[in-house]
Amino acid sequence: SATPDYVRLALQGTARDFPSGTYCQTLSGRGNCGAGMLDAYQAVSLAQSGAPAVYAGLAQVVAPGATVSLHGEAVSLTGTSMSYSWTVVSGTATLSSTTTLTPTFVAPASGPVVLRLTANDGSQSTSSTTTVCVNHAPVVSVGSTTVSVVVGSSAAFTATATDADGDAVSF
């Protein structure tokens, strides 16, 4: 009796995190690799339990001070109405609402922020988490602010960059 939306959310919401140290756990990979690694056993177990399917959304990488929009989804196997609740698991965030599927918040100065969406259909609840990583732009320093050059010749200058998040910097 599961709808296609229920099956999709059951697969996404029960996916396991990608292993530490893999591309999908880097700032470049977060949000680009999908919901995670398929855990078919957990998805089937969820459906057999009759509990709601919940997906808190893809991981996001944002700049400090950016407005973050969360995109949770939930479907009841029985079609009953549900209540929703977002909680901040770690980090700092003040959500515009804790009871809607799509709240917003302003990204803190540093992160990450881990959030949990719980859906309750009146008899059972299911939860899913998502992560918002706060990434700072690299700071670039140029050796000299003035470089003189004659037409037809070349100029040389030195520039360096550092990144507070420890990301590799390239020019």
- Is there a side chain to side chain contact (heavy atoms under 4.5 Å, CB included) between Val134 and Ser110 once you walk through the steps? CA-CA 6 Å; Val134 180; Ser110 62; 5.6 Å; no

- Message: For a side chain to side chain contact (heavy atoms under 4.5 Å, CB included) check, start with the C-alpha distance between Thr130 and His71, then their side-chain angles and the critical distance, and finish with the verdict.
- Response: CA-CA 10 Å; Thr130 189; His71 302 283; over 6 Å; no

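Between Leu38 and Leu11, the closest side-chain pair of non-hydrogen atoms falls below 4.5 Å. For the pair Phe105 and Leu95, the minimum side-chain heavy-atom distance is below 4.5 Å. Residues Tyr6 and Leu46 are in side-chain contact: their nearest non-hydrogen atoms beyond the backbone lie under 4.5 Å apart. The shortest side-chain heavy-atom distance between His136 and Pro64 falls under the 4.5 Å cut-off. At least one side-chain heavy atom of Asn32 sits less than 4.5 Å from a side-chain heavy atom of Tyr23. Contact annotation: the side chain of Val113 never approaches that of Val68 to less than 4.5 Å [non-hydrogen atoms, C-beta and beyond]. Leu70 has its side chain within reach of Gln60: a pair of non-hydrogen atoms, C-beta onward, lies under 4.5 Å apart.
Of the inter-residue distances, the one linking Thr80 atom OG1 with Asn120 atom CG reads 9.0 Å to the nearest 0.5 angstrom. We find the CD-CZ distance between Glu73 and Arg8 to be 4.0 Å, quoted to the nearest 0.5 Å. In this structure, CE in Met82 is found 11.0 Å from OG in Ser125, a value given to the nearest 0.5 Å.
There is no path of hydrophobic side-chain contacts, each under 4.5 Å, that joins Leu101 to Leu77. Leu117 and Val132 fall within a single hydrophobic cluster, where Ile, Leu, Val, Met, Phe, Trp and Tyr side chains are chained together by heavy-atom contacts under 4.5 Å. Side-chain heavy atoms closer than 4.5 Å link hydrophobic residues (I, L, V, M, F, W, Y) into clusters, and following such links, even through other members, never connects Leu9 to Tyr84. Residues Trp86 and Tyr55 do not share a hydrophobic cluster, defined by chaining ILVMFWY side chains whose heavy atoms lie under 4.5 Å apart.
Nearest heavy-atom pair, Pro103 versus Ser97, reported as atom, atom and distance to 0.1 Å: CB-O, 3.1 Å. Across every non-hydrogen atom of Gln25 and Phe18, the tightest pair is NE2-O, 3.0 Å. Nearest heavy-atom pair across Ala56 and Ser128 is N-OG, 3.0 Å. Ala53 and Ala10 get closest at one heavy-atom pair: CB-N, 3.6 Å. Shown here for Val54 and Ala74, the closest heavy-atom pair between the two residues is CG2-CB, 4.1 Å.
The backbone N or O of Pro52 lies less than 3.5 Å from a partner atom in the side chain of Thr126, making a donor-acceptor pair. Not a single donor-acceptor pair under 3.5 Å links the side chain of Thr87 to the backbone N or O of Val89. A distance-only check finds no donor-acceptor pair linking the side chain of Thr131 to the backbone of Val114 [under 3.5 Å].
At a cut-off of 3.5 Å, with distance as the only test, no side-chain donor of Thr102 or Thr100 sits close to an acceptor on the other residue.
Within the structure, no pair that satisfies the salt bridge (charged side-chain N to carboxylate O under 4.0 Å, His left out) test touches residues 111-137, not counting sequence neighbours.
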